[in-house]
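Step one of this worksheet: look at the structure below.
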Amino acid sequence: MSDVRDVIIIGSGPAGLTAAVYTSRANLRPLVIEGEPSSSSDQPGGQLMLTTEVENYPGFVDGIMGPELMASFRAQAARFGSEYLTAKVSRVDFSDHPFRLWVGDHEHQARTVIVATGARALTLGLPNEQRLMGHGVSTCATCDGFFFRGEEIAVVGGGDSALEEAIFLTKFADKVSVIHRRKELRASKIMQDRAFKNEKIEFVWDSKVTDVLGDGAVSGLTVLNTSTGEESQLPVAGLFVAIGHVPNTDVFKGTLEMEDSGYLVTEPGTTRTNVDGVFACGDVQDHVYRQAVTAAGSGCMAAIDAERWLESHEDGPDHLVQTPRNW
Ligand code: NAP
C-alpha cells in the first residue's frame, strides 16, 4: 500500500490531464492513473490518441496532431510534479475516507479522487475501420468534417447522432450517404424531418458496411443490403461512424451514481458526484458536448473543486460521506 495522496486522478485525456496541471500547480502532488496502452477503451491520452489533426483546440493556429497535443498536456502536468502510473484501476472503495483504489493487487489511497475516464465511441469492429481510423474514418463530425470539403462521404447509424452528424457534414461535403441497418430511423422526428429535407443527404436502407477500402486514406466502402443479400461498393472519401458512445464507468458501478446509460451524475454547475470528495469531469459525465476543450474546462473545475474540498477538510479525514442528492 502506498501513502495517502491528496488527489488521485483516474484517466489521462484532456479532462484528467488538465486536472493534473491545476492540482500539481496547487502543490497537491497528484497521481494520474493514466490507463493501459493496450486497452481500446481507456488508453493513455484518451480519444485524441485515435485522431490525426485537431484544428478546433484553441491556441493552435495551424492545428496540431491529437497525440502531440496529449503529449504536451502530459509534459505540462509532469513539469509541476504530476506523477503517472500506466495502469488501469481495477476496483475502488469509496465507502470511507481515505478512498481506496486498486491496480491489480496494489492498493492506493487518496483523500480526493477525480474521475476522468472518458467515453468511447462504439465502432463497427471491422479491421480496416481500425486501420483507417483518423485517415478517413472518424467518430467525430465536429472534429473532422472540415477535411471533407467537396467530397462524397458516408455516415453509419440511424439515431440522433448519425442524423446530426450527417446534417452538419453537408456544410462541407457534396453528398452524405446515411447507411442504416434497418428501414426505420431511431432518431427523433424533428431530426428525421430535417435530414429528409436536406438535398445533400441520401439514405441507404437495410444496409451494413462490411468493409472499408483504401490504402492510407478511405476510397470507398463495401455495403451489404441485408434484405436482398446484394453487396455493392460505395465510393466515398470518408466514413463517420455514429452508432453511439459508452462511458468508461464499469469500475464505478454500485459506487457512484450514474444514469441508465452509464454516464456519471454530477451536481449541475460543479463536478461533485454523490460521494463527497469524489469529482468527475470530461466525457465520463458529459454526453452532450464531448469536445476536448469542454473536457479540459471541466478538468479545471474538478481540480478547483478538489482543492477547495481539501482546504475545507484540513483537520483530517472525516466520517463518510454519501451526500444525499439534493440537486
Ligand atoms: P442511439 O440512439 O443508440 O442510436 C444508435 C444508432 O446506431 C441506431 O440507429 C442503431 O441502429 C445504430 N447501430 C448501433 N449499433 C450498430 C452497428 N453495430 N452497426 C450499425 N448500426 C448500429 O445513439 P446516438 O444516436 O448516439 O444517441 C444517443 C442518445 O443521445 C440518444 O438518446 C439521442 O436521442 C441523444 N442525442 C440527441 C441529440 C439531439 O437531440 N440533438 C443528438 C445526438 C444524440 P438501430 O436503430 O437498428 O438500433
Side-chain angles (χ1 to χ4, degrees), residues 40-41 47 50-51 56 118-133 136-145 153-171 176-198 201-213 218 220-234 236 238-250 258-266 268 282-292 294-295:
S40 61
S41 59
Q47 294 178 74
L50 304 176
T51 189
N56 57 4
R120 61 189 185 275
L122 294 171
T123 56
L124 301 171
L126 303 170
N128 285 330
E129 173 195 33
Q130 290 310 315
R131 182 175 59 84
L132 292 164
M133 186 63 72
V137 179
S138 170
T139 53
C140 177
T142 327
C143 315
D144 299 326
I153 57 178
V155 174
V156 183
D160 279 324
S161 292
L163 296 198
E164 190 171 76
E165 300 225 332
I167 293 164
F168 175 76
L169 288 165
T170 60
K171 289 187 190 173
V176 179
S177 300
V178 176
I179 303 169
H180 183 38
R181 62 184 178 184
R182 296 187 291 136
K183 225 192 282 303
E184 272 165 33
L185 294 167
R186 179 178 296 277
S188 55
K189 180 81 173 58
I190 184 165
M191 294 297 280
Q192 295 197 26
D193 289 346
R194 275 186 212 153
F196 289 142
K197 269 193 214 138
N198 192 312
I201 296 179
E202 192 173 287
F203 284 88
V204 182
W205 302 110
D206 283 333
S207 294
K208 60 184 198 184
V209 174
T210 53
D211 202 3
V212 186
L213 312 171
V218 171
L221 306 174
T222 305
V223 179
L224 173 72
N225 183 312
T226 49
S227 57
T228 64
E230 256 173 54
E231 210 164 52
S232 59
Q233 295 207 341
L234 187 67
V236 288
L239 171 66
F240 287 82
V241 183
I243 60 173
H245 284 78
V246 276
N248 300 316
T249 50
D250 285 354
M258 50 185 81
E259 296 171 9
D260 291 345
S261 52
Y263 284 90
L264 296 186
V265 175
T266 50
D283 286 12
V284 75
Q285 50 84 60
D286 168 25
H287 50 77
V288 179
Y289 300 105
R290 296 198 296 240
Q291 300 299 301
T294 50

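When a ligand or atom number is given, it counts from 1 through the structure's own listing order. These numbers were taken from a predicted model, which means no experiment stands behind them. Scope of the values below: all heavy atoms of this structure, side chains included, with no hydrogens, waters or symmetry mates.
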Checklist entry - Once the angle between the rings of Trp205 and His180 is folded into 0 to 90°, is it parallel (under 30°), tilted (30 to 60°) or perpendicular (over 60°)? => result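 Answer is perpendicular, since the angle exceeds 60°.
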
If I compare all heavy atoms of [X] with all of [Y], which pair ends up nearest, and what's the gap?
{"X": "Leu122", "Y": "Val246", "answer": "CD2-CG2, 3.9 Å"}
{"X": "Ala195", "Y": "Ile201", "answer": "O-CB, 4.0 Å"}
{"X": "Ser207", "Y": "Ile179", "answer": "O-CG2, 3.6 Å"}

Checklist entry - Under a 4.0 Å N-O cut-off, is there an ion pair linking Asp283 with Arg290? => result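 So Asp283 does not pair with Arg290 through a salt bridge.
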
Go ahead and list the nitrogen or oxygen contacts between ligand 1 and the protein that come in under 3.5 Å, distances to 0.1 Å, or just say none.
from: ligand 1; atom 1: 9 (O); to: Gly158; atom 2: N; distance (Å): 3.0
from: ligand 1; atom 1: 9 (O); to: Gly159; atom 2: N; distance (Å): 3.3
from: ligand 1; atom 1: 11 (O); to: Arg181; atom 2: NE; distance (Å): 3.2
from: ligand 1; atom 1: 11 (O); to: Arg181; atom 2: NH2; distance (Å): 3.4
from: ligand 1; atom 1: 25 (O); to: Asp160; atom 2: N; distance (Å): 3.3
from: ligand 1; atom 1: 25 (O); to: Ser161; atom 2: N; distance (Å): 2.9
from: ligand 1; atom 1: 25 (O); to: Ser161; atom 2: OG; distance (Å): 3.2
from: ligand 1; atom 1: 26 (O); to: Ser161; atom 2: OG; distance (Å): 2.6
from: ligand 1; atom 1: 34 (O); to: Asp160; atom 2: OD2; distance (Å): 2.6
from: ligand 1; atom 1: 41 (N); to: Glu164; atom 2: OE2; distance (Å): 2.8
from: ligand 1; atom 1: 46 (O); to: Arg182; atom 2: NE; distance (Å): 3.4
from: ligand 1; atom 1: 46 (O); to: Arg182; atom 2: NH2; distance (Å): 2.8
from: ligand 1; atom 1: 46 (O); to: Arg186; atom 2: NE; distance (Å): 3.0
from: ligand 1; atom 1: 46 (O); to: Arg186; atom 2: NH2; distance (Å): 3.4
from: ligand 1; atom 1: 47 (O); to: Arg181; atom 2: NE; distance (Å): 2.9
from: ligand 1; atom 1: 47 (O); to: Arg182; atom 2: NE; distance (Å): 2.7
from: ligand 1; atom 1: 48 (O); to: Arg181; atom 2: NH2; distance (Å): 3.0
from: ligand 1; atom 1: 48 (O); to: Arg186; atom 2: NE; distance (Å): 3.3
from: ligand 1; atom 1: 48 (O); to: Arg186; atom 2: NH2; distance (Å): 2.6

Next on the checklist: Applying side-chain contact (heavy atoms from CB on, under 4.5 Å), can you list everything that pairs with Thr139, at least two apart in sequence or on another chain?
Outcome noted: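 Scan of Thr139 (side-chain contact (heavy atoms from CB on, under 4.5 Å), adjacent residues dropped) gives Ala121, Thr123, Met133, Val241.
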
